[in-house]
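Everything numeric here is computed off the predicted structure, so don't read it as measured data. Chain letters run A, B, ... following the sequence lines, proteins first and then strands; every chain starts at 1. Scope of the values below: all heavy atoms of this structure, side chains included, with no hydrogens, waters or symmetry mates.
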Amino acid sequence: MAEHAFLFFTCQYQSKQATVIFAHLMEKNVLDQIREATSHILKEQGIEVSAGDVLVSTTRKDFEGDLTVVIFPFVKAMKKSPPEVGEWLGAALQSHLDSIAGYNVVQGFLNLTLSSRAWFDLLVAIKENPHYGTSPRKDQKALIEFCSPNTNKPLHLGHIRNILLGWSCSRILHAAGWDVVKIQIINDRGIAICKSMLAWKLYGEGETPESSGTKGDFLVGKYYVLFNDKLTLEYDAWQESVEGRSIHEEKAEAKPAKEFFNDFKNTYFNSYSELGKQAREMLIAWEKDDPEVRSLWTMMNGWVYQGFDETFAALGVRFDQLYYESETWVEGKEQVLKGLQQGIFVKKEDGSIWVDLTDRKMDEKILLRSDGTAVYITQDIGTAMQRYRDHHADAMVYVVGDEQNYHFKVLFEILKKLGEPYADALFHLSYGMVELPSGKMKGREGTIVEADDLMRDVISEARAVALEKGEIATLTEVEQTDAFRKIGLAALKFFMLKINPQKRMVFDPSASVDLQGQTGPYVQNAYVRIKSVLRKAEEDQINVYATYTDLADSERQLLQLLAIYPEVISKAAREYDPSGVANFCYDMAKNYHRFYHDLKILGADTEDARNFRLNLSASVAQVLAHAMDLLGIEMPEKM
RNA sequence: GGCUGCGUAGCUCAACUGGAUAGAGCACUUGACUACGAAUCAAGAGGUUGAAGGUUCGAAUCCUUCCGCGGUCACCA
């Protein structure tokens with residue numbers, strides 16, 4: 001074994017110059033070492049800069065060095081030129097930290113070159129810790145709500161973005177040290193589900209998922225669509241009727257008939273429609289616990305849940321707890337009435353209850369209808385309280401599309417007014433709408449992309465491509481099917497998660513099954529290559545560490561990326577944004593592919609190089625698999 | 001119209017939150033398999049960061065005004 005490695009295993013650090021204040025840094029990762037040391041050194045000069053404010057990044061490719069400290073921020077206080085400050089700080093850091101072998105200064109940038117010792121430490125740290133990159137448990141709990149569907153139709157493309165975001169964020173928060181509880185609220189009551197129920201009752205002839213061989217959520221969705229079709233027929237006929245014509249003449253003013261009836265549809269449904277009347281009666285019967293309606297409701301929702309469960313399982317997600325709107329809306333009403341008594345809300349003459357938020361630059365918002373029934377926001381007030389009672393979480397996150405930004409602003413403000421203790425711990429993780437290249441998804445135009453169909457498509461595309469490759473033939477049929485699934489889903493998930501959540505997203509189904517370039521399968525391929533090499537290497541040799549000082553650029557870049565992984569996770573957690581993790585995975589895979597192409601691993605010139613590269617490869621594989629898991633993506637062993 | 005978000009290569013996205021010469025992929029052109037896995041690599045071309053001002057050592061990022069595209073302003077959810 002080489003001398004350097006021997007030193008590492010037998011001795012603790014024995015820096016000639018390291019002072020006592022830096023001793024405690026040696027167990028931290030290099031990035032933190034640099035940050036904290038810089039902070040200490042500046043403090044000795046009377047300059048207060050917290051470690052967190054020291055900006056350290058990987059050095060750009062075209063400059064020499066591994067990590068770069070941006071020193072502009074300290075220049076003013078030092079009253080020296082940027083290069084002078086850089087030289088001074090570089091010298092100080094090098095003398096205090098064993099991990100730093102050299103430095104150079106370009107303008108206001110201090111480029112640090114890490115010692116081979118530091119790189120060995122990194123590889124050992126990764127090897128010894130399967131959870132490298134994660135933070136210690138912090139004894140804080142985060143509640144994260146996502147998906148939250150209505151029970152009247154199947155999950156679609158929009159839900160997929162929501163679910164992937166929610167799932168990935170919960171993995172990331174967990175990795176950052178939080179305890180995480182994944183929940184969803186099922187919107188299982190209301191007029192929408194009554195529409196499906198009524199259509200089934202009128203036209204269904206007893207059809208069930210079993211009798212028709214249809215997945216439950218699709219069957220219920222079929223009746224929801226049918227209801228709307230029948231309603232349209234009814235409405236069209238009514239427009240020609242005596243009543244319809246006279247209403248038009250009475251209220252249309254100057255509007256042409258077509259435009260008028262378009263705008264009038266809601267009013268028609270609520271005041272004139274026979275189908276509408278029956279649906280509303282059903283809702284009222286439901287609220288009165290009518291046994292027949294309730295049992296129909298239970299049966300049809302049951303079908304939907306079974307369908308959803310299949311979709312969740314296919315996507316690889318689970319929830320820890322479900323809340324049902326049917327069980328929470330009553331509490332919402334009670335809380336509103338309580339707020340009224342406390343004088344926080346006001347009652348208008350017609351009996352409706354409102355909150356006035358004009359002092360917060362928002363509007364008035366209705367909380368209970370004049371007939372005393374609940375509106376959408378009513379239940380959210382109740383569920384927030386319930387959740388806090390159940391979990392006492394330190395953070396509560398709602399993953400909901402950005403069309404509800406205002407809704408959540410209002411909700412959080414109301415909870416603040418009510419003096420809820422967790423009001424400042426609420427966060428709306430808002431994401432942009434998913435559109436198709438042809439524009440928005442429209443149910444009427446049949447352009448809705450169902451979650452199940454999409455998954456099926458990406459998996460069958462993965463199958464078609466994989467079968468052309470040949471490598472896959474070494475797998476059994478069961479293993480093959482598993483690989484196709486992992487590859488297809490990786491394509492889909494990576495495609496959606498690499499985009500910053502707040503951005504609106506154009507989703508091209510044919511591009512999402514792309515398996516080349518900046519994609520999930522590209523990352524998987526890097527992993528599979530490593531696994532293939534490791535299988536061919538002798539096991540005991542992988543465990544040997546040796547001195548290897550002559551790092552190639554491609555090796556250095558991989559090490560740099562490995563070093564910043566903990567940072568990538570904590571940033572993603574701080575910002576509730578998985579896209580940084582996805583981009584990190586891609587960077588890592590890309591650099592590995594280059595490394596793999598440029599250098600021989602098993603056939604390296606020296607034993608040192610061979611062992612180092614095997615270790616480096618193993619570390620890359622471990623971190624890649626870990627990071628992809630944070631995105632909810634599984635790695636195949638072969639593909 | 002009020003409030004709010006977004007405009008970066010033909011297309012889809014980055015840019016460490018104010019830092020180095022704005023980077024990737026797709027598509028296009030051209031090269032590399034008798035190589036540890038070619039789902040790979042390398043090279044080329046592609047930009048007035050929607051526009052104009054401003055703030056400073058330094059702006060895609062912050063401020064102002066326009067232009068364009070969404071969302072939202074229901075006794076819907």
No-H, no-angle donor-acceptor pair, A:Asp380 side chain to B:A77 base, under 3.5 Å: no
Stacking of A:Phe72 on B:G58 base (centres under 5.5 Å, planes under 30°): no
Pairing partner (Watson-Crick or G-U wobble, both distances under 3.5 angstrom) of B:G10: B:C26
A:Tyr586 vs B:A15: side-chain N/O to OP1/OP2 distance below 4.0 Å: no
Residue that, paired with A:Met635, satisfies side chain to side chain contact (heavy atoms under 4.5 Å, CB included) out of A:Val528, A:Ile487, A:Val523: A:Val523
Comparing A:Ala589 and A:Asp363 on RNA chain B - which has the more 5′ nearest nucleotide: A:Ala589
B:U21 phosphate, OP1 or OP2, under 4.0 Å from A:Arg60 side-chain N/O: no
Face-to-face contact A:Phe109 to B:A20 six-ring, under 5.5 Å, under 30°: yes
N/O (side chain, A:Arg574) to phosphate O (OP1/OP2, B:U17) under 4.0 Å: no
Watson-Crick or G-U counterpart of B:U72, or none if no pair lies under 3.5 Å: B:G2
Spacing between A:Leu31 atom CG and B:C16 atom P, to the nearest angstrom: 16 Å
Along RNA chain B (nearest heavy atom to each residue), the more 5'-positioned of A:Lys365 and A:Val56: A:Val56
B:G25 phosphate, OP1 or OP2, under 4.0 Å from A:Lys590 side-chain N/O: yes
Short side-chain N/O contact from A:Lys571 to OP1 or OP2 of B:U17, under 4.0 Å: no
Crowding at CG, A:Asp371 (>12 non-hydrogen neighbours, <6.0 Å): yes
B:A39 phosphate, OP1 or OP2, under 4.0 Å from A:Arg529 side-chain N/O: no
Side-chain donor-acceptor pair present, A:Ser148, A:Glu145, cut-off under 3.5 Å: yes
Nucleotide forming a Watson-Crick or wobble pair with B:C57, both distances under 3.5 Å: B:G19
side-chain N/O A:Lys536 vs B:G37 OP1/OP2, d < 4.0 Å: yes
Value in whole Å for how far the C1' atom of B:G37 lies from CD of A:Gln516: 14 Å
Output field: ring centroids A:Phe227/A:Tyr224 closer than 6.0 Å: no
Phosphate OP1/OP2 of B:G37: any A:Ser532 side-chain N/O under 4.0 Å: yes
B:G46 pairs with, by Watson-Crick or G-U criteria that keep both distances under 3.5 Å: none
Mate of B:A39 where both pairing distances stay under 3.5 Å, Watson-Crick or G-U: none
Side-chain donor/acceptor of A:Gln404 to base of B:U72, under 3.5 Å: no
